Asks: 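Just passing along the structure, written as structure tokens.
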2 protein chains.
Amino acid sequence: MANTTHFSTKDRILGAAEELFAQHGFAGTSLRQVTSRADVNIAAVNYHFGSKENLVNEVFRRRMDDMTALRLSQLKTALEQHPGELRPVLAAFVEPALAMSQDRHGGGAFVRVVARAYAEKNDGLRKFLSDHYGHVLREFGKAIATCVPGLSKEELYWRLDFLAGALTYAMADFGLIKRPADVTEAAHRERAARELIRFAEAGIRAGN
Amino acid sequence: MANTTHFSTKDRILGAAEELFAQHGFAGTSLRQVTSRADVNIAAVNYHFGSKENLVNEVFRRRMDDMTALRLSQLKTALEQHPGELRPVLAAFVEPALAMSQDRHGGGAFVRVVARAYAEKNDGLRKFLSDHYGHVLREFGKAIATCVPGLSKEELYWRLDFLAGALTYAMADFGLIKRPADVTEAAHRERAARELIRFAEAGIRAGN
DNA sequence: GTCTATACATTGATAGAC
DNA sequence: GTCTATCAATGTATAGAC
């Protein structure tokens, strides 16, 4: 079954929007580009989503819920099976972002869309994200705090922020590291996750 | 001398563009917004800069050259006065970004513009940055390598990437850390720099 | 050399036929 | 639920007055 057919108009719009948002940003993507790629009429987007801003939010919700669920369940497992260990907690934060980016119909674009979301901090999107997914960060904050008792609450949040920034950049390929031609995209991202977890573990534990 | 007068049309456009780009991104900022804020005619931007894309590049060049010079000179000092020490090298990378964000006519917006630049990776801007400022990263890479001999070239570049990502986020206030009302913007950024340097030092030294 | 007026394309969104 | 036609607003770029 090819992936170009048997998708509803709504899903085709979401998919096309996701890819274009990842590539050109939100403001930089026109609804006409979206509907053209999705092979639907220009009016369909307003019929199904009401407005461009709402389409942006829906593009998020569709995958963000999955990623959040993945993170929280992996965190739960980590806390149960490796209590007091920092690395599994960090892995629970980083690896789901990696998983999202693997193959399954277009999730790869999504991690880049997330990075956009951070950058386009103006409109209601950031509030939308903070309102709906802020609790995830707090969960991880608590988990990390128990693994690294000496850390003040302030320091903890700074470091979580650094981790989130580094993760976003690495996953979005915003950085300077260019994937060598002989390394697959999947292997490259896997490497990124591994390196980042080590880097962040040391950073979060940093004393002095 | 107020800062609204005695500036050329060209400089007023650059200043207005910088602030608006920081706030709304490149695609999200219209030339009409720019010229309106700069209090010049809509056509002036095309007269002075030729196109919007070129205006974007010029907004960069104006401050990026300063920041690059600052970084390289501070790096030189660090290598001379504290040879073999990692932290002064990292400070030379991080602190100039902080310095740019202090007061002096609107540089604060610039660090946010830099973050935008990373995110808007599509057009010629990334190539422009890589072509003109890529050597800075290589300089720092070399300096770090001498401080942390065990590091492979690949690991080094991954970690530099993480540092750049975290720096960009922290300086652009993209993260979750919200500045408390009783802390000045300057103090907040200073704290960010200090925390990041410690975090990155540990991360870059990470073994295992 | 500098700016004003304006042309022209494209945007997001809506109305109404089918 | 989907389309065509079209709107007002806003985008970029140019021609020509000063």
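Chain letters run A, B, ... following the sequence lines, proteins first, then strands; residues in each count from 1. Everything quoted here is computed from the prediction, not taken from an experiment.
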Asks: Does C:dT2 have OP1 or OP2 under 4.0 Å away from a side-chain N or O of B:Thr9?
Replies: no

Asks: Nearest 0.5 Å please: distance from the CD1 atom of A:Ile144 over to the CD1 atom of A:Ile204.
Replies: 4.5 Å

Asks: In whole angstrom, give the distance that lies between atom NE2 of A:His24 and atom C1' of C:dT11.
Replies: 16 Å

Asks: For the CE atom of B:Met64 and the NE2 atom of B:His132, what is their distance to the nearest 0.5 Å?
Replies: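 Spacing of CE (B:Met64) from NE2 (B:His132) equals 11.0 Å.
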
Asks: Less than 4.0 Å between a side-chain N and a carboxylate O, is that true for B:Glu155 and A:Arg198?
Replies: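 Salt bridge flag = yes for B:Glu155 with A:Arg198.
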
Asks: At 10 degrees resolution, what angle do the end axes of the helix from C:dG1-D:dC18 to C:dC18-D:dG1 form when each is taken over five base pairs?
Replies: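 Taking the rotation axis at each end, their angle is 0°.
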
Asks: Working to the nearest 0.5 Å, report the span between CG of A:Leu137 and CZ of A:Phe93.
Replies: 5.5 Å

Asks: With a 4.0 Å cutoff (strictly under), does any side-chain N or O of B:His48 reach OP1 or OP2 of C:dC3?
Replies: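 Looking at the OP1 and OP2 atoms of C:dC3, one of them is under 4.0 Å from a side-chain N or O of B:His48.
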
Asks: Could you check A:Arg189, A:Arg63, A:Met67 and say which one makes a side-chain contact (heavy atoms from CB on, under 4.5 Å) with A:Val111?
Replies: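 Filter result, single survivor: A:Arg189.
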
Asks: Between protein and nucleotides 4-18 of chain D, map the contacts as a letter string: B base, S sugar-phosphate only, - none, heavy atoms under 4.0 Å, written 5' to 3'.
Replies: B------BBBB----

Asks: Got a second to check how far A:Asn41's CG is from A:Tyr47's OH, nearest 0.5 Å?
Replies: 13.0 Å

Asks: Mind calculating the distance between CG (B:Asp11) and P (C:dT2) to the nearest angstrom?
Replies: 12 Å

Asks: Any ion pair linking B:Arg62 and B:Glu58 (charged N to carboxylate O, less than 4.0 Å)?
Replies: no

Asks: Please state whether the rings of B:Trp158 and A:His188 are parallel, tilted or perpendicular, taking 30° and 60° as the class boundaries.
Replies: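 Tilted: the ring planes of B:Trp158 and A:His188 meet at 30° to 60°.
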
